[in-house]
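Because only heavy atoms are used, hydrogens play no part in the values below, and waters and symmetry mates are left out as well, while side chains stay in.
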Amino acid sequence: MSASEKQPWHAAYPAPTSTAVYLPQATALEWMESSEKVVGRDFVLVDLRRNDHEGGTIKDSINLPAQTIYHSIPALYNLFTAAGVQAVVFYCGSSQGRGSRAAAWMQDYISVRGGDKMKSYALEGGVKGWVKTGGKLLGLMDGYDASAWSKE
């Protein structure tokens with residue numbers, strides 16, 4: 001099989017049955033600025049980028065490359081459930097591929113387990129949208145490098 005015929009990484013896994021629900025940037029910002037919601041306790045941000053993470057990441061995100069996420073979902077569900085996490089927010093560059101797929105897989109797993117205390121989301125616009133919106137959102141990034149985003 002030539003490189004151009006190579007299957008995408010996600011072809012090795014079943015297609016999600018859930019449709020990704022997108023969390024608006026404004027809601028993510030509200031949660032991050034809230035004294036009532038705490039990242040890591042009430043919600044978790046998951047950056048799915050592996051090799052395309054130049055320019056920074058959203059503050060307090062954990063990095064779990066998309067290519068490893070499918071088999072990690074049961075462990076993540078158990079950890080997040082034990083911690084009382086209410087929302088898992090996945091993102092990649094645009095959240096149209098990796099982010100939406102991971103969010104749907106996680107929601108599939110939550111549904112199968114009968115979970116009603118946790119929801120899975122893809123971040124609207126992904127990290128590229130976050131940077132493009134700018135303003136307060138840029139202040140909520142770790143390792144932000146404007147020069148890396150000027151290449152976009």
Undergrad: Whether the side chain of Q25 engages the backbone of G129 through a donor-acceptor N/O pair (distance < 3.5 Å, no angle test) should be reported.
TA: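 Looks like yes, one N/O pair under 3.5 Å.
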Undergrad: Is the ring centre of H71 less than 6.0 Å from the ring centre of Y13?
TA: yes
Undergrad: Over all heavy atoms of both residues, which pair between G55 and A148 is shortest? Give the atoms and the distance, please.
TA: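 Here G55 and A148 meet closest at CA-CB, 3.5 Å.
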Undergrad: Is there a path of hydrophobic side-chain contacts, each under 4.5 Å between heavy atoms of I, L, V, M, F, W or Y residues, that connects V127 with I69?
TA: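 Different clusters.
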Undergrad: Evaluate the criterion side-chain contact (heavy atoms from CB on, under 4.5 Å) for residue pair R98 and H10; output intermediate values, then yes/no.
TA: CA-CA 9 Å; R98 295 167 289 183; H10 56 84; over 6 Å; no
Undergrad: Under 3.5 Å, is there a donor-acceptor pair between the side chain of S150 and the main chain of S147?
TA: yes
Undergrad: Please report the interatomic distance CG(L23) to CG(L29), rounded to the nearest 0.5 Å.
TA: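 Going from CG on L23 over to CG on L29, the span is 11.0 Å.
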Undergrad: Any luck finding a side-chain donor-acceptor pair between D108 and S18 under 3.5 Å?
TA: yes
Undergrad: Does one hydrophobic cluster hold both M118 and W31, with members joined at side-chain heavy-atom distances below 4.5 Å?
TA: no
Undergrad: Classify the angle between the aromatic ring planes of Y70 and W105 as parallel (below 30°), tilted (30 to 60°) or perpendicular (above 60°).
TA: perpendicular
Undergrad: Other residues, nucleotides and ligands only: do more than 12 of their heavy atoms fall within 6.0 Å of CD on E36?
TA: no
Undergrad: What's the spacing between Q96 CD and K128 NZ if we round to 0.5 Å?
TA: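 Answer rounded to 0.5 Å: 11.0 Å.
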Undergrad: Do the side chains of L138 and I58 join up, straight or via other hydrophobic residues, at under 4.5 Å, putting them in one cluster?
TA: yes
Undergrad: Where is the tightest heavy-atom contact between G99 and L48, given as atom of each residue plus distance?
TA: CA-CD1, 3.6 Å
Undergrad: Taking the side chain as everything from C-beta on, heavy atoms only, tell me whether L64 gets closer than 4.5 Å to S72.
TA: no
Undergrad: Is S95 reaching over with its side chain to a backbone N or O of Y91, donor-acceptor style, under 3.5 angstrom?
TA: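 No, the answer is negative, given that no donor and acceptor are paired below the 3.5 Å cut-off.
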Undergrad: Starting from the C-alpha separation in whole Å, work towards a yes-or-no answer on side-chain contact (heavy atoms from CB on, under 4.5 Å) for Y77 and I110.
TA: CA-CA 7 Å; Y77 175 83; I110 292 167; 3.9 Å; yes
Undergrad: Please check if the side chain of W130 supplies one atom and the backbone of T57 the other of a donor-acceptor pair under 3.5 Å.
TA: no
Undergrad: Please report the shortest heavy-atom distance between A122 and A103, naming the atom on each side.
TA: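 Distance-wise, the nearest heavy atoms are N-CB, 3.6 Å.
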Undergrad: Rounded to the nearest 0.5 Å, what separates atom OH in Y109 from atom CG in L76?
TA: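 The distance works out to 10.0 Å.
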Undergrad: Check V85 against G40 and note the closest heavy-atom contact, atom names and distance.
TA: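 Heavy atoms of V85 and G40 come nearest at CG2-O, 4.3 Å.
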Undergrad: Can you hop from L140 to V46 via hydrophobic side chains spaced under 4.5 Å?
TA: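 The answer is no; the residues belong to distinct hydrophobic clusters.
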Undergrad: Do the side chain of S111 and the main chain of Q107 share a donor and acceptor less than 3.5 angstrom apart?
TA: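 Yes.
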Undergrad: As a quick check of understanding, evaluate side chain to side chain donor-acceptor pair (under 3.5 Å) for T27 and Y22, giving each step before the final call.
TA: CA-CA 10 Å; T27 302; Y22 287 89; over 6 Å; no
Undergrad: Rounded at 0.5 Å granularity, tell me how far CZ in R113 sits from OG1 in T81.
TA: 7.5 Å
Undergrad: Atom CZ of R50 and atom CH2 of W9: how far apart are they, to the nearest 0.5 Å?
TA: 9.5 Å
Undergrad: Can you measure from NZ (K37) to CZ (R41) and round to the nearest 0.5 angstrom?
TA: 9.0 Å
Undergrad: Verify, without hydrogens or angle tests, whether S100 (side chain) and A20 (backbone) share a donor-acceptor contact under 3.5 angstrom.
TA: no
Undergrad: Check the hydrophobic clustering (I, L, V, M, F, W, Y; side-chain heavy atoms under 4.5 Å; chains of links allowed) and say if V88 and M32 are grouped together.
TA: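 Cluster IDs for V88 and M32 differ.
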Undergrad: Does Q86 reach the main-chain N or O of D42 with its side chain, forming a donor-acceptor pair under 3.5 Å?
TA: no
